[in-house]
Structure formats: structure tokens, C-alpha cells
Chemist: 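My questions will all concern the structure given below.
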Amino acid sequence: MAFIQTMRWFGPQDPVSLMDIRQAGCTGIVTALHQIPVGEVWPVEAILERKQRIEADNDRYTPLHWAVVESLPVHEDIKKGLPSRHAYLENYKTSLRNLATCGISTVCYNFMPVLDWSRTDVDYQMPDGSRALRFVWEDFALFDLYILQRPGAENYYEPDVRQRAYERFQRLSVEERTRLTNTVLLGLPGSEEAFELATFQSKLDAYKNIGDPELRANLYEFIRKVAPVAEEVGIRLCIHPDDPPKPLLGLPRVVSTEDDLVQLCQAYDSVANGITFCTGSLGVRPDNDLAGIVQRLGSRIHFVHLRATKREDNPLNFHEADHLSGDVDMVAVIRALTLEQKRRQKTGQGETALPMRPDHGHQMLDDLNKRTYPGYSAIGRLRGLAELRGVEYAILQSLLA
């Protein structure tokens with residue numbers, strides 16, 4: 001049983017078109033209604049408009065369908081456990097019901113406070129001249145300590161890290177400081193709006209009394225409230241792991257390890273409470289056994305992101321590697337996922353074919369001259385999908401032998 005091959009599409013403004021994705025060999029689209037403010041209800045009319053746009057040329061070309069919502073974002077008041085969360089929880093439930101009414105059944109979300117995924121460089125040059133995303137711990141410390149000047153940040157970094165960050169800060173030009181600031185403060189994927197430095201500290205301050213136990217409790221309350229609705233209407237929720245999988249800026253992150261995933265699955269024991277299995281996010285940590293996670297939690301995996309990150313000489317630094325290199329044993333992962341799909345086919349438990357998308361491709365070839373969402377240029381993802389498709393085909397053939 002093969003993956004449902006998909007790509008992320010950020011909507012009509014995305015420079016990568018639906019036809020580009022179709023010609024890459026995909027049949028599924030991963031998208032969201034980025035124009036709707038976080039916390040508001042997704043109306044049926046807006047969902048149907050997006051669905052109809054995706055399917056508009058299906059009578060002429062290879063059909064496309066809206067395979068996964070990524071993401072239906074969780075309002076910060078829910079993450080912080082504020083009294084106002086109750087209204088946002090009701091809105092979330094309504095959006096789930098509306099999505100189900102429109103025939104969409106897989107919904108990805110995350111529970112990272114304030115920031116979504118974080119990088120310090122979205123233009124890192126690889127040896128072949130392509131460009132990738134990169135995270136450098138000292139650069140992040142530099143931003144935190146000397147640009148943001150977060151109170152108490154000095155207690156968060158080792159003395160040698162603080163010293164090297166300061167020395168590098170002294171060498172940075174104004175333009176380089178601005179570039180680093182803008183990169184760290186990128187907003188939600190698909191959004192054209194980044195956070196403002198002047199007001200960013202206030203967003204962090206709102207979490208000053210929320211540590212790991214509190215954020216974890218708020219996540220479990222969220223899933224216990226919304227998963228029964230998802231279960232009722234036939235939607236599979238799937239949480240995206242933290243990216244990178246560690247606390248940042250004094251904020252806790254509670255979806256970084258296999259144990260975190262197990263605890264979440266136990267908080268509401270239902271197939272509706274599932275996982276987006278992102279090999280890049282989880283793979284940054286050497287203590288995450290990716291193929292083993294599939295073997296142990298496979299029945300809860302509803303959506304797959306395949307990418308490989310590479311830890312550098314300083315293992316706190318990493319960059320997006322080619323899909324078949326880096327620190328992810330992609331062959332072992334795809335084999336484990338293929339066996340999970342075959343198990344489902346044999347037992348009749350769960351959706352058999354998993355939607356998969358190649359994640360965070362390099363910017364390369366003609367795309368070097370285009371402005372695209374960081375990590376989401378067409379050609380780099382096409383290369384990644386072609387490589388992943390080849391691995392999957394070889395594994396499927398080996399299982400038939």
C-alpha cells in the first residue's frame with residue numbers, strides 16, 4: 001500500500017501552483033484557510049470555496065483533492081489556559097464539524113507557544129549551491145540575549161555560548177542583525193506577517209507563569225475537549241511535534257519526544273487523537289528512535305512529513321539536508337510506515353494509505369530567482385518527492401519478493 005503523495009499549498013497567493021503540484025505526481029493537497037484569524041470559526045462557505053478551487057480542473061487533468069488541513073491553529077488563550085479559552089474551544093469544535101461536513105477528515109495542529117517552527121537562517125548555502133533552512137544555537141542566543149534582551153535570558157545559556165554570541169553580535173552589521181531578527185520572528189507558515197520586535201517580549205511575558213506542567217495540562221485539556229467532537233464527526237486530529245524539539249526563549253515545549261507523544265495519546269485514548277509524524281522535527285534529537293516510534297505508535301499516525309535534518313559539529317546546530325541524507329534513516333522509516341499501512345490493510349483498522357508530503361525542500365535551480373515560502377519552493381520538494389518515491393517503490397517491491 002503506497003502513500004497518498006501530497007504537497008503543501010498556501011492558497012491562491014502561493015507561487016507554487018496547483019498545476020505545479022499536480023505535475024510533481026501528487027494527488028493530495030495540504031492547505032489551510034490562512035486568511036481567517038486564529039481562533040475564528042472556519043465557515044462552510046470558505047472551506048467549500050477552497051475545496052472547489054483545488055478540484056476545479058479535475059475533469060481535465062489528474063484529479064486533486066484536499067487531503068489534509070495543515071493547520072487548524074490553536075489560539076494562544078487555549079495554550080495559556082485562560083478563561084477566554086472556552087469560547088475558542090467552541091469555535092474549534094465548530095470548525096471541525098464544518099470541515100467534516102465538507103468531507104475533510106484529517107486535521108493537523110500544533111501546540112508550540114508563541115512561535116511556530118524556528119530557524120536562524122532561511123538562506124543557508126549548501127555545497128551544491130542550493131539553499132536550505134538552518135538553526136544555529138549561538139545565533140539564537142545572540143538574538144535572545146543582545147537583540148531581544150529578554151530578562152533572565154543569561155540563565156538560559158552556558159557561559160561559553162554567551163561569550164561567543166556576544167563576540168558574534170559585535171561583528172554583525174545592522175543589516176545582518178535585522179535579517180536575523182526577521183528570521184526568528186517569522187509568523188505562522190502561510191502568513192505574510194511576522195512578529196514585531198517591539199511587542200514580542202509582551203507575548204513571552206504572558207507565559208511567565210506557564211512551565212512544562214502547565215502547558216502539558218492545557219494541551220491535555222484541549223484534546224479532551226475537542227477529540228470527542230472529532231471522533232463523533234469522523235475527523236482524525238494529528239499533532240505536529242515541536243520544531244526544533246526543545247524549549248526556546250524560556251517557553252516550554254511538550255511535544256518533542258516519544259514519551260511526550262505517548263502521554264498525549266493516553267490523555268484521550270482514541271484514534272481521533274493522533275500524530276503528524278515529522279521525521280525532521282523529531283529527528284533533530286538523537287534520542288528519538290524514529291522507526292521505533294512508528295512501530296510502537298503507528299496506529300496513531302495519520303499524516304507523515306518526510307525530511308532529513310543534519311546535526312552539525314555542534315549538535316545543537318542543524319540544517320535541512322537532502323531527503324535521503326542527514327541523520328534520518330529514511331529507508332528504515334519508510335519501511336516501518338509501509339508495514340504499518342499493510343497492517344491496517346490486513347486488519348481493517350484505520351485509514352490504510354497515509355497522506356505523506358516531502359517537507360522543506362532546498363531552494364535550487366530556477367527557484368533561486370523566485371520568492372517562495374521558506375522551505376516550500378517547488379523544485380526542491382519535487383526532488384525530495386522523487387527520491388522518497390523511489391525508496392518507497394523499492395521497499396514495496398522487496399516486500400513482494
Side-chain angles (χ1 to χ4, degrees), residues 1-8 21 24-30 62-65 67-68 70 105-108 236-241 257-258 261-262 265 271-286 288-309 320-361 380-401:
M1 177 59 64
F3 294 123
I4 300 170
Q5 294 174 20
T6 74
M7 277 193 188
R8 194 171 192 178
I21 294 173
C26 296
T27 58
I29 297 297
V30 176
T62 304
L64 295 175
H65 72 286
V68 181
E70 186 179 4
S105 58
T106 304
V107 175
C108 175
R236 296 175 297 277
L237 292 166
C238 42
I239 194 166
H240 190 288
T257 66
E258 180 176 355
L261 294 171
V262 169
C265 289
V271 71
N273 174 24
I275 299 164
T276 296
F277 185 68
C278 179
T279 58
S281 298
L282 294 169
V284 167
R285 294 180 61 124
N288 279 330
D289 170 16
L290 299 183
I293 291 173
V294 176
Q295 292 162 6
R296 291 181 286 273
L297 297 176
S299 64
R300 293 295 188 93
I301 294 173
H302 302 320
F303 184 29
V304 178
H305 293 180
L306 295 182
R307 62 182 171 95
T309 45
E320 307 280 357
D322 294 328
H323 281 74
L324 299 187
S325 62
D327 297 311
V328 174
D329 185 346
M330 198 63 75
V331 174
V333 167
I334 293 178
R335 180 179 177 83
L337 289 165
T338 300
L339 291 174
E340 169 59 23
Q341 290 177 111
K342 285 187 171 294
R343 182 196 68 79
R344 296 181 185 190
Q345 186 179 35
K346 183 177 181 180
T347 62
Q349 296 175 350
E351 291 295 312
T352 303
L354 287 165
M356 177 276 291
R357 68 173 178 85
D359 203 5
H360 293 186
R381 286 187 292 164
L382 172 59
R383 174 184 172 179
L385 180 59
E387 293 172 345
L388 297 169
R389 187 185 288 137
V391 172
E392 183 191 27
Y393 180 79
I395 288 170
L396 286 169
Q397 291 301 304
S398 71
L399 293 174
L400 292 174

Chemist: Mind checking whether Leu399 and Lys342 have side chains closer than 4.5 Å, heavy atoms only?
Modeler: yes

Chemist: Provide the closest heavy-atom pair for Ala308 versus Val328 in the form atom of the first, atom of the second, distance.
Modeler: CA-CG2, 3.9 Å

Chemist: Kindly indicate whether the side chain of Cys278, heavy atoms from C-beta on, has any atom under 4.5 Å from the side chain of Arg307.
Modeler: yes

Chemist: For the atom pair CG (Asn288) and CG (Leu261), what is the distance rounded to the nearest 0.5 Å?
Modeler: 8.0 Å

Chemist: Which atom pair, heavy atoms only, marks the closest approach of Arg300 to Cys265?
Modeler: NH1-CB, 3.1 Å

Chemist: Quiz question: by atom type and distance under 3.5 Å, do the side chains of Ser299 and Arg344 form a donor-acceptor pair?
Modeler: no

Chemist: Is the backbone of Val294 close enough, under 3.5 Å, to the side chain of Glu340 for a donor and an acceptor to pair up by distance?
Modeler: no

Chemist: Atom CZ in Arg343, atom CG in Leu339: separation rounded to 0.5 Å?
Modeler: 11.0 Å

Chemist: Return yes if some donor-acceptor pair links the side-chain N/O of Thr6 with the main-chain N/O of Met356 below 3.5 Å, else return no.
Modeler: yes

Chemist: Could you grab the distance from atom CG of Leu282 to atom NE2 of His240, nearest 0.5 Å is fine?
Modeler: 8.5 Å

Chemist: Within the side chain of Glu70, is there an N or O that forms a donor-acceptor pair under 3.5 Å with the backbone of Arg8?
Modeler: no

Chemist: Apply the test side-chain contact (heavy atoms from CB on, under 4.5 Å) to residues Leu385 and Met7: give CA-CA distance (whole Å), side-chain angles for both, the deciding distance (0.1 Å), then the verdict.
Modeler: CA-CA 9 Å; Leu385 180 59; Met7 277 193 188; 4.2 Å; yes

Chemist: Taking His305 for its side chain and Arg357 for its backbone only, find out whether a donor-acceptor pair lies under 3.5 Å.
Modeler: no

Chemist: Which heavy atom in Ala353 sits nearest to a heavy atom in Ala2, and how many Å separate them?
Modeler: CB-O, 3.6 Å

Chemist: Where do Pro358 and Gly384 come nearest, in terms of heavy atoms and distance?
Modeler: CB-C, 4.3 Å

Chemist: Going from CD1 on Ile334 to CG on Leu388, what distance comes out if it is rounded to the nearest 0.5 angstrom?
Modeler: 5.0 Å

Chemist: Kindly say whether Ile239 contributes a backbone atom to a donor-acceptor pair with the side chain of His302 at under 3.5 angstrom?
Modeler: no

Chemist: For a side-chain contact (heavy atoms from CB on, under 4.5 Å) check, start with the C-alpha distance between Leu290 and Asp329, then their side-chain angles and the critical distance, and finish with the verdict.
Modeler: CA-CA 8 Å; Leu290 299 183; Asp329 185 346; over 6 Å; no

Chemist: Is there a side-chain contact between Asp327 and Pro286 in this structure, where contact means two heavy atoms from C-beta onward sitting under 4.5 Å apart?
Modeler: no

Chemist: For Leu354 and Phe277, run side-chain contact (heavy atoms from CB on, under 4.5 Å): C-alpha distance rounded to whole Å, both residues' side-chain angles, the deciding distance at 0.1 Å, then the answer.
Modeler: CA-CA 11 Å; Leu354 287 165; Phe277 185 68; over 6 Å; no

Chemist: Say whether His323 and Glu387, considering side chains only, have a donor N or O and an acceptor N or O under 3.5 Å apart.
Modeler: no

Chemist: Flag yes if more than 12 heavy atoms outside Arg335 fall under 6.0 Å of its CZ atom; otherwise flag no.
Modeler: no

Chemist: Atom CZ of Arg285 and atom OG1 of Thr309: how far apart are they, to the nearest 0.5 Å?
Modeler: 12.5 Å

Chemist: Show your reasoning for whether side-chain contact (heavy atoms from CB on, under 4.5 Å) applies to Phe3 and Leu337.
Modeler: CA-CA 9 Å; Phe3 294 123; Leu337 289 165; 3.8 Å; yes

Chemist: Of all the heavy-atom pairs spanning Cys238 and Phe303, show the shortest one and how long it is.
Modeler: SG-CB, 3.9 Å

Chemist: When rounded to the nearest 0.5 angstrom, what distance separates OG1 in Thr276 from CG in Leu237?
Modeler: 9.5 Å

Chemist: What is the minimum heavy-atom distance between Ile293 and Glu258, and which atoms define it?
Modeler: CG1-OE1, 3.6 Å

